[in-house]
Amino acid sequence: MPYWLLKSEPDCYSYADLERLGRDHWNGVRNYQARNYLRQMKAGDPCLFYYSSTKPAGIAGVARVVRSGYPDPSQFDPSSDFYDPKSPQSEPRWTTVDVEPVQLLPKFLPLETIRELPAWDASPLTRKGNRLSVLPVTPEQFEAALAAGGAEDLLTTDH
DNA sequence: GCCAACGTTGGC
DNA sequence: GCCAACGTTGGC
């Protein structure tokens, strides 16, 4: 089963917002590489919910994909910040997925600590200049993040 | 198709 | 707020 990491600015959209809504679209991704990953996501895939552009940045919680990729409606909405007039209706350019909350990490996992986890050495997340907002995570990275965040092992308790 | 300019991301 | 990194745009 693939694992993913989703970035969000918590001032804009936090884990608590997702928890309050119960389920939501992960929309507004306007980067082709991130979009291609969104298109690979399947219902049931676990995701790490990452806070960017905040102090400190890091992983706040775990979410799960509940609906795989479909056209992001906001690309066709002129009143949306994510409106893309160049996206053809016949072949929508941008994709969204639906996610639901799974759990808040008992201990917020700062980027500084993520960098100390050997499994994360190879991740784009820990590389300088990284700007990818949706990225794949290995099972080892996922487990290491949960352990460091004091969470239950979802690999054995789920599914 | 190249590449300079520009805009955005994101850690610090 | 700064600035490095990098994606996108547009002129040629």
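Predicted, not measured: the structure shown is a model, and the values here were computed from it. Atoms considered below: every heavy atom in the structure, side chains included; atoms not considered: hydrogens, waters and symmetry mates. Per chain, numbering begins at 1; letters A, B, ... match sequence-line order.
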dC12(B) OP1/OP2 closer than 4.0 Å to side-chain N/O of R115(A): yes
pair W26(A)-S8(A): side-chain heavy atoms closer than 4.5 Å: yes
Listed nucleotide nearest any side-chain atom of K128(A), set dG7(B), dG11(B), dA4(C): dA4(C)
Any side-chain heavy-atom pair of M41(A) and C47(A) under 4.5 Å: yes
Atom pair distance, as rounded to whole Å: CD1 in I114(A) and P in dG10(B): 14 Å
Reported CZ-to-CG distance for the pair R23(A) and L18(A), which is rounded to 0.5 angstrom: 11.0 Å
d(CG, N130(A); P, dC12(B)) in whole Å: 12 Å
Touch class at under 4.0 angstrom, heavy-atom based, for Y51(A) against every strand present: nothing
Donor + acceptor pair across side chains of S74(A), D77(A) (<3.5 Å): no
Nearest listed nucleotide, side chain of Y32(A), among dT8(C), dC6(C), dG10(B): dT8(C)
Length of the CD-C1' vector between E9(A) and dC12(B), whole Å: 15 Å
Protein-nucleotide distance (R131(A), atom CZ; dC6(B), atom P), rounded to Å: 17 Å
Spacing between K55(A) atom NZ and dT9(B) atom P, to the nearest angstrom: 20 Å
Touch class at under 4.0 angstrom, heavy-atom based, for K7(A) against every strand present: sugar-phosphate
Sugar-phosphate only, base, or nothing, as touched by S52(A) at under 4.0 Å among non-hydrogen atoms: sugar-phosphate
Residue-phosphate contact under 4.0 Å: Y50(A) side-chain N/O, dG11(B) OP1/OP2: yes
Under 3.5 Å side-chain donor-acceptor pair for R30(A) and S87(A): no
Protein-nucleotide distance (L135(A), atom CG; dG7(C), atom P), rounded to Å: 14 Å
Integer-rounded Å distance: dG11(B) C1' and E112(A) CD: 12 Å
d(CG, N31(A); P, dT9(B)) in whole Å: 10 Å
